[in-house]
*Asks:* 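To start, I am sharing the structure in question, which I have written as C-alpha cells.
Indexing begins at 1, ligand by ligand and atom by atom, following the structure's order.
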Amino acid sequence: MNIGKPKIIAGAIGLVMLLVGANYGQFEVVEYGLRVEAARKADHWVQQFFRKTPDYVILLSTKEFSAAHLARLQETAEFRDIFHYQLYGPSGRLVVDQASGSPAPNAAGDALAQNVLRSGKAITSVGSPDQLLADTLADTTAAGLTFIAKVILPIRRADGSIAGVALAHVDQSEIRAAFQTATNTLSIILSSIFTAALGGLFIGFVVARKREGKSRRHVDFLAKYDQLSHLYNRAGFKEKLEANVASGAMVPARMVVIFLDIDHFKHINDTYGHKAGDGFLNHVGQTISRCLQATDFAGRFGGDEFVIVAQRNDLAEAGRLAEELQSAISTPIIVDGETISTSISIGIHFENNQSLSFDQRMHKADLALYQAKADGRNTHRFFTDELELGIARRRKVEAAVLNGLNQGLFSLAYQPLLREDSLKCLGFEALLRLVDTDGESIPPEEFIPVAESVGAIGQIGLWVLNTAAEAACTWPAPLTVSVNLSVRQFADGQLAASVKQTLATTGLEPKRLELEITESLLMDASIDADAQLSALRDIGVSIAMDDFGTGYSSLGYLWKYGFDKLKIDRSFVIGIEERDVRAREILETIIVLGHRLNMVVIAEGVENEAQAHILSEMSCDQFQGFLYSRPMPAEDLPGFLLKNATKNSEQGVTGESRYSGPGAGQV
Ligand code: C2E
Ligand code: MG
Ligand code: MG
C-alpha cells in the first residue's frame with residue numbers, strides 16, 4: 001500500500017512537534033523547579049533574620065545596619081547561593097545594597113519594591129545574568145554565573161504584616177548545568193517521554209545533595225556565633241583571629257585587646273528576669289558591633305564577658321574606643337517593657353610587642369579589667385607592668401584575708417589608753433594583725449580595705465569583737481577594750497544584735513566595751529546610722545569617734561550623735577611641736593568643743609614628751625601612743641599592767657581628773 005509522500009512528511013512533522021513539545025515541556029518543568037527552589041532559598045534567608053529576629057525588622061526602619069549585621073546577612077546569604085541582595089524599608093526605599101555597600105537611589109528597584117509592598121506577593125524570574133541584571137552588576141557580581149534567579153519578596157513581621165521588601169539574586173548555575181549535562185546524555189525520545197518525571201527527580205536529587213552539604217555548613221555557621229549577642233563565640237573568635245592574622249588584615253603591632261564586663265549583671269537577671277538579661281546581652285552585642293570598624297571584631301565568651309580585638313594606632317585611640325563603648329552601652333534601653341541600664345568595666349591591652357601571643361594579650365587585658373573593677377567599676381584601665389605587680393600583690397592580700405580566719409592568720413595586738421594626769425592605764429585598743437603564711441606581716445591599712453571590698457570584713461569584724469571581749473574579761477575591771485568598726489559592719493543592720501550576743505557569751509560588762517567608728521559611717525546614706533547607734537547606746541557600750549580631723553570633721557555630727565569619746569587623729573599631734581600657732585589653736589578648739597559636748601578627748605599617736613606636755617596644757621584627757629607603749633600581744637599585757645600600777649603607786653597619784661564628763665569614772 002502506497003501511503004504517499006505527504007503522509008510521511010506529516011507524520012515526521014507530527015513526530016518532530018511531539019518531540020519539540022515534550023522538550024519544551026521539559027524545560028518548562030525545569031525552569032519552574034528552579035524558580036521554586038530560588039524562591040524557597042530567598043524566603044528561608046529572609047525568615048531567619050526578619051521573622052525570627054525582631055531587631056533586624058527595626059533596622060529596616062532605622063537603617064542602622066552595622067558592619068556585623070551586614071556580615072551575618074552576607075554570610076547566611078552566601079550559604080543559600082544568594083550572591084547579591086537589596087533590602088527595602090517599609091516605605092519602599094532602598095536601605096541596603098549589598099553590591100555597593102551603601103544604599104544609592106534606585107528608581108527601578110524602588111518601583112519593584114513598591115509593587116511587592118502593595119500586592120504582598122513575591123515575584124520570581126529565572127534566566128541568564130544578562131537577561132536579569134543591569135550591566136554593571138552582571139560584570140561585577142555575577143561574573144562566571146550562567147543561570148540565575150531574581151526573587152523579590154515581602155519581609156513580614158511575626159504578625160504577618162509587611163515590614164519591607166528583599167530582592168535576592170540567587171545563583172542557579174550549578175543546578176542548571178547539572179541538569180543539562182544529564183539531559184545531553186539521554187536520547188531525545190527518552191527525554192521527550194520522561195522529561196518531566198526525570199527532570200523532577202534529578203532536580204530533587206541534586207537539590208537534596210546540595211541541601212545536605214548546606215545543612216552541614218549551616219551547623220558550622222551556628223557553631224561559630226553566639227546566638228544571644230550575634231557576636232562570635234569562643235571558637236568562631238579564635239578562627240577569625242587566626243584567619244585575619246594570617247591574611248595580614250590584623251597587624252599585631254596595632255592590636256588592641258579589650259575585655260568588657262557588664263557591672264552587676266547578676267542584678268539585672270535577678271531583678272528583671274533572665275529574658276531581660278538575654279535582651280541586655282543582645283543590646284551589648286549589637287552596640288559593640290556598631291562601635292567597631294571594619295578591621296575589628298568581637299566575641300562573647302560566656303556569661304557577661306565580651307572580648308574585642310581592634311586595630312588602633314596608639315593608646316589614645318584605644319581609650320577613645322573604650323569611652324565610646326562605655327557611653328553607648330550604658331545608655332538605658334527598654335527590654336520587655338522594663339527600662340534597664342547599667343555601667344560596664346573595661347580592661348585594655350595595647351603594647352607594641354611582637355613576641356606576645358594572643359593568649360598573653362588576653363591575660364593582660366583581663367588583668368586591666370580586674371583593676372577597673374577593683375577601682376570601683378564603671379571605668380576602663382590600661383594594662384601596665386606596675387598594674388600587673390599591684391594585682392599580684394592584691395591577690396596575695398585577698399587570699400590571706402579570705403583564708404585568714406580558717407588558717408589562724410589573724411591576731412590582735414593591744415595598745416594602752418592612759419589617763420593624761422596619772423598616766424594610769426584605762427584600757428586597751430584592740431588592733432588587728434595579719435601575718436601571711438610566708439611570715440609577711442601585712443599592715444591593716446592594706447588588708448582592711450581589701451577585706452571590705454571582698455565582703456569579708458563582717459566575719460572578720462565579728463571575730464575581732466569576740467576575741468577582744470574574751471580577752472578583756474581576763475583583765476582586771478574596770479579596764480576597757482576598744483574595738484574598731486568598719487562602716488561595712490553596719491550594712492546589714494545586725495551589728496547591735498551581734499554586740500549583744502558577744503556580751504552575753506563572754507560575760508563582759510557593756511560599759512567596758514568601747515566601739516570606735518569613723519565619720520564615713522555618718523556620711524553613708526545607705527546606712528541608718530542614727531537607729532543603729534542608738535541601739536548600741538541602749539545596750540550600754542560607749543562609742544568613740546575615731547580619727548577625728550581626717551575626714552569631714554563635722555562638728556554638727558558630733559553634736560547630733562553625742563559620742564562618748566573623741567579620738568584626735570595622729571596627724572594633728574604630729575603638727576603641734578612645730579610651733580605652728582594655727583595648728584595648736586585648732587587642736588585646742590577641738591578639745592574645748594569636745595568637752596563642751598561632754599566627750600572625753602583622747603590624743604592618738606603621742607610619740608614624745610613635748611607632744612604630751614603641749615596636749616596636757618590643752619587639757620586633753622587621755623593619751624595613746626608609742627611614747628607609752630606600742631601595740632603588744634595579749635600575753636604581754638599582765639607585765640605592762642604591773643609596771644603601770646607600780647609606777648602609779650610610786651608617784652602617789654590620786655587619780656583625780658580635772659575632767660568630769662562621761663567616762664570620767666574610768667580610772
Ligand atoms: P586606728 O584605729 O586609728 O589605730 C591607731 C593606729 O595608730 C594603729 O595602727 C596604731 O598602731 C597606730 N599608732 C598608735 N600610736 C602610735 C604612735 O605613737 N605613732 C605611730 N606612728 N602610730 C601609732 P595600726 O594598728 O596599724 O592600725 C591602723 C588602722 O587600721 C587603725 O587605725 C584602724 O583604723 C584600722 N584597724 C586596726 N584594727 C582594726 C579592726 O579590728 N577593725 C577595723 N575595722 N579596723 C582596724
Ligand atoms: Mg581606732
Ligand atoms: Mg585612730
Side-chain angles (χ1 to χ4, degrees), residues 397 401 404-405 409-418 423 425 427-435 441-472 480-491 495 498-499 502 513-521 524 542-551 553 563-577 590 600-612 615 620 622-634 636 640:
V397 176
V401 160
L405 288 179
L409 305 181
F410 287 114
S411 63
L412 289 182
Y414 298 92
Q415 189 178 31
L417 280 56
L418 309 164
L423 295 183
C425 179
F428 296 90
E429 175 172 6
L431 293 160
L432 188 56
R433 298 289 174 257
L434 173 63
V435 179
S441 176
I442 303 170
E445 277 90 354
E446 188 177 3
F447 74 76
I448 285 181
V450 173
E452 287 176 333
S453 83
V454 299
I457 196 70
Q459 266 205 311
I460 296 171
L462 205 59
W463 179 86
V464 172
L465 192 64
N466 283 314
T467 312
E470 264 171 32
T480 59
V481 66
S482 307
V483 171
N484 292 284
L485 294 178
S486 153
V487 185
R488 301 284 172 100
Q489 288 176 263
F490 286 82
L495 187 67
S498 303
V499 169
T502 300
L513 176 63
E514 181 170 70
L515 300 174
E516 295 191 5
I517 63 155
T518 53
E519 276 182 293
S520 49
L521 171 69
D524 191 329
S542 66
I543 297 170
M545 164 60 65
D546 199 2
D547 301 340
F548 190 76
T550 54
S553 304
F563 298 105
D564 301 291
K565 185 184 273 185
L566 189 63
K567 295 192 83 171
I568 298 172
D569 191 66
R570 192 160 63 86
S571 54
F572 275 86
V573 177
I574 293 169
I576 54 171
E577 291 161 87
I590 293 175
V600 172
V601 181
I602 178 168
E604 295 185 291
V606 181
E607 290 188 351
N608 57 50
E609 293 289 357
Q611 291 168 343
L615 287 162
C620 186
Q622 298 178 3
F623 294 153
Q624 179 180 353
F626 291 174
L627 176 61
Y628 311 104
S629 168
R630 288 184 177 257
M632 58 195 141
D636 290 356
F640 173 85

*Asks:* Mind checking what residues have non-hydrogen atoms under 4.0 angstrom from ligand 1?
*Replies:*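 Within the 4.0 Å shell of ligand 1, which is judged on heavy atoms, sit Q415, E429, L431, L432, R433, P444, E445, I448, V464, N484, L485, S486, E516, D546, D547, R570, E604, G605, V606, E607, G625, F626, P631.
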*Asks:* Report the protein N/O/S neighbours of the Mg ion (ligand 3) that fall below 2.8 Å; do not count waters.
*Replies:*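 Under 2.8 Å from the Mg ion (ligand 3) - ignoring waters, which are not counted - the protein N, O or S atoms are D546 OD1, D547 OD1, E604 OE1, E604 OE2.
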*Asks:* Could you walk me through whether Q622 and K565 pass the side-chain hydrogen bond (donor to acceptor under 3.5 Å, both in side chains) check?
*Replies:* CA-CA 10 Å; Q622 298 178 3; K565 185 184 273 185; 3.0 Å; yes
*Asks:* Take I517 and F490 through the test side-chain contact (heavy atoms from CB on, under 4.5 Å) and record every step on the way to the result.
*Replies:* CA-CA 10 Å; I517 63 155; F490 286 82; 3.8 Å; yes
*Asks:* Got a donor-acceptor contact below 3.5 angstrom from the N466 side chain to the L462 backbone?
*Replies:*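 Yes, because the side chain of N466 sits within donor-acceptor range (under 3.5 Å) of the backbone of L462.
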*Asks:* For residues 449-461, which side-chain donor-acceptor pairs fall under 3.5 Å, sequence neighbours excluded?
*Replies:*
unit_1, atom_1, unit_2, atom_2, d
E452, OE2, S486, OG, 2.6
S453, OG, R394, NH2, 2.7
S453, OG, V450, O, 3.3

*Asks:* Between the side chains of S482 and E514, does any donor sit under 3.5 Å from an acceptor?
*Replies:*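 Checked: S482/E514 side chains pair up, N/O donor to acceptor below 3.5 Å.
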*Asks:* Is it true that a side-chain atom of D546 and a backbone atom of K567 form a donor plus acceptor pair closer than 3.5 Å?
*Replies:*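 Side chain of D546 to backbone of K567, a donor-acceptor pair under 3.5 Å: no, none is there.
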*Asks:* Ignoring hydrogens and angles, tell me if any N or O in the side chain of E446 forms a donor-acceptor pair with the backbone of I442 under 3.5 Å.
*Replies:*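 Side chain of E446 to backbone of I442: no pair is present.
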*Asks:* Restricting to N/O/S, name the atom of E429 that gets closest to the Mg ion (ligand 2).
*Replies:*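 Of the nitrogen, oxygen and sulfur atoms in E429, the Mg ion (ligand 2) lies nearest to OE2.
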*Asks:* Per the side-chain contact (heavy atoms from CB on, under 4.5 Å) rule, which among E604, Q624, M632 passes with Q415?
*Replies:*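 By the side-chain contact (heavy atoms from CB on, under 4.5 Å) criterion, Q415 pairs with just one of E604, Q624, M632: Q624.
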*Asks:* For N608 and Q611, indicate whether the former's side chain and the latter's backbone hold a donor-acceptor pair under 3.5 Å.
*Replies:*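 Side chain of N608 to backbone of Q611: a pair is present.
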*Asks:* Would you please name every residue forming a salt bridge (charged side-chain N to carboxylate O under 4.0 Å, His left out) with E519, sequence neighbours left out?
*Replies:*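 E519: no salt bridge (charged side-chain N to carboxylate O under 4.0 Å, His left out) contacts found.
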